[in-house]
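Whatever order the structure lists them in is the order used to number ligands and atoms, beginning at 1. Side-chain atoms are counted along with the backbone in the values below, which use heavy atoms only and exclude waters and symmetry mates.
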Amino acid sequence: MKIYKGHLLFTPERTDFEVIENGYVAVENGRIVGVASQRADLDIADGELVDFGDRLLIPAMCDMHVHAPQYRNQGMSMDHELLTWLNTYTFPEEAKFADTAYAECIYSRFVRDLWRNGTMRSAVFATIHHESTRRLMRLFEAAGMGALVGKVDMDRNSPDALCETVDEAVTANESLIAEFSDPNGLVRPIITPRFIPSCTPPMLEACGRLAREHGLAVQSHLSENRAEIALVRELEPMSTCYGDAYNRYGLFGQTPTLMAHCVYSSDEEIALMSRQGVMAVHCPTSNLNIASGMSPVRKLLDRGVRVALGSDISGGHTLNMFRVMVYALQVSKQVSVVTGDKPLTLPEAFWCATKSAGTFFGQVGSFEPGYEFDALVIDDSDLNFDNYTLEQRLERFVYLGDDRHIAHRYCRGQEIKL
Ligand code: GUN
Ligand code: FE
């Protein structure tokens, strides 16, 4: 039993922070067994006290959409929109991951950078390559960080080096599923058809079958860019919307599903997401960089869609999820100028990156009994030079802070030191 003491800030509800000054969190076997403002109220006789003093203790970050093999391209090459951007910069880089030594080099830097930025859980796209994807999963395991990692499946409209047969894709997926078979493992496979333009109907059918047979989550891209949506309409003329195309193949909430972007989702698509529990992953940096548009996050929330946040490296340029929160808030304010919708608030953005996203991993992203203890200790002493409230201190860290303010990182109760 460990008992952590610090100023606790977290979002049990979407709309408000719960703030416990000098609070206590008791943790046993990786899970929270008690949260209280007084030591005596924990009702726990013994336990080792770890006192973080005047520091903030917050849930660790979840990045629910990120492309590990695009890490080398981070912060460059954003002078095209999606489809030409993919062909010009992204696919040539991803093709390099046939070389496992190259993959190991890039992926180890990537995992370390997620850690540095306080992201303890992520949903990650790898490439089509089995062995490189396996190495990435092993790197997450060795780090002790949680990840859903997808071997990407694609078989059309892509360079030969990034196309494979349906049989090859199924065999590689089944091998990874067998290797990472512990349902409670921190690192798990996720079925990852890249997006409709990259996958033939037989590939999409195979992906749906794999997800259903193995009870695995699914991740892909949805309604990100106007030219992409027009292409999907041509490729799937029977579908009533982009989301319906996934739905026909069992890839839209039949198992837990993440759909990145949802910038142009129609009313019908939003209703389908809401009804089938599909989680929208808002990636504001990416939407700004490759000029996709602005996702109407308030509308998604109001209509009952689950929402999380993603860095979407390298369409997005930063792995820092606090920075991504700020972009989400800024984009939402711009949307509100046009639509009159209420902009996102800081607690809402924080909730998206913690408790909302965390539902995808079980009970993660909050400080409540039963939740896994994923946490960051924030030393904001250089930002805290006047009588700020604890909530203002967190706000200033979100807007002004960076990884240098993260003193400790915990995933499932273990301190992670890389
Ligand atoms: N749609 C299909 N592939 C990708 C990708 O790698 N990045 C983004 N932003 N969108 C995509
Ligand atoms: Fe993406």
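Residue contacts with ligand 1: T90 is placed with no nitrogen or oxygen under 3.5 Å of a nitrogen or oxygen of the ligand (distance criterion only). For a threshold of 3.5 Å applied to N or O pairs, the pair formed by Q70 and ligand 1 contains at least one separation below that value. Between E224 and ligand 1, an N or O atom pair is found at a separation short of 3.5 Å.
Among residues at least two apart or in separate chains, side-chain hydrogen bond (donor to acceptor under 3.5 Å, both in side chains) pairs with a member in residues 184-197 are E94-R194, T192-Q219. Contacts classified as side-chain hydrogen bond (donor to acceptor under 3.5 Å, both in side chains) and involving residues 121-132 (residues at least two apart or in different chains) are given here: R121-E372, R121-D374, T127-H129, H130-S175, E131-R134, E131-R135.
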Step-by-step salt bridge (Lys or Arg N to Asp or Glu O under 4.0 Å) determination, D267 to R303 | CA-CA 9 Å; D267 288 349; R303 299 195 187 174; 2.7 Å; yes
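E236 is linked by a salt bridge (Lys or Arg N to Asp or Glu O under 4.0 Å) to nothing, counting only residues two or more places apart in sequence or in another chain.
Residue contact check: S286 has heavy atoms under 4.0 Å from atoms 9 (N) of ligand 1.
Atom CD of Q414 is surrounded by 12 or fewer heavy atoms from other residues, nucleotides or ligands within 6.0 Å.
At a heavy-atom cutoff of 4.0 Å, ligand 1 is contacted by no atom of Y89, backbone or side chain. The part of H261 lying near ligand 1 is the side chain, judged by heavy-atom distances below 4.0 Å.
A salt bridge links E179 with R138: the distance from a Lys NZ or Arg NE/NH1/NH2 to an Asp or Glu carboxylate oxygen falls below 4.0 Å. Between E81 and R226 there is no salt bridge, since none of the side-chain N atoms of the basic residue sits less than 4.0 Å from a carboxylate O of the acidic one. Ion pairing of D302 with K299 is absent here, as no side-chain N (NZ or NE/NH1/NH2) approaches a carboxylate O to less than 4.0 Å.
Nearby protein atoms of type N, O or S around the Fe ion (ligand 2) amount to 4 (distance under 2.8 Å).
In this structure, the protein non-hydrogen atom closest to atom 3 (N) of ligand 1 is R194 NE, 2.8 Å.
Not a single heavy atom of F125 sits less than 4.0 Å from an atom of ligand 1.
Cation-pi geometry between R396 and Y388 is met: the NZ or CZ atom falls under 6.0 Å from the ring centre, inside 45° of the normal.
Note on ring orientation: taking the six-membered ring where Trp is involved, the planes of F367 and F10 are tilted (angle from 30° to 60°).
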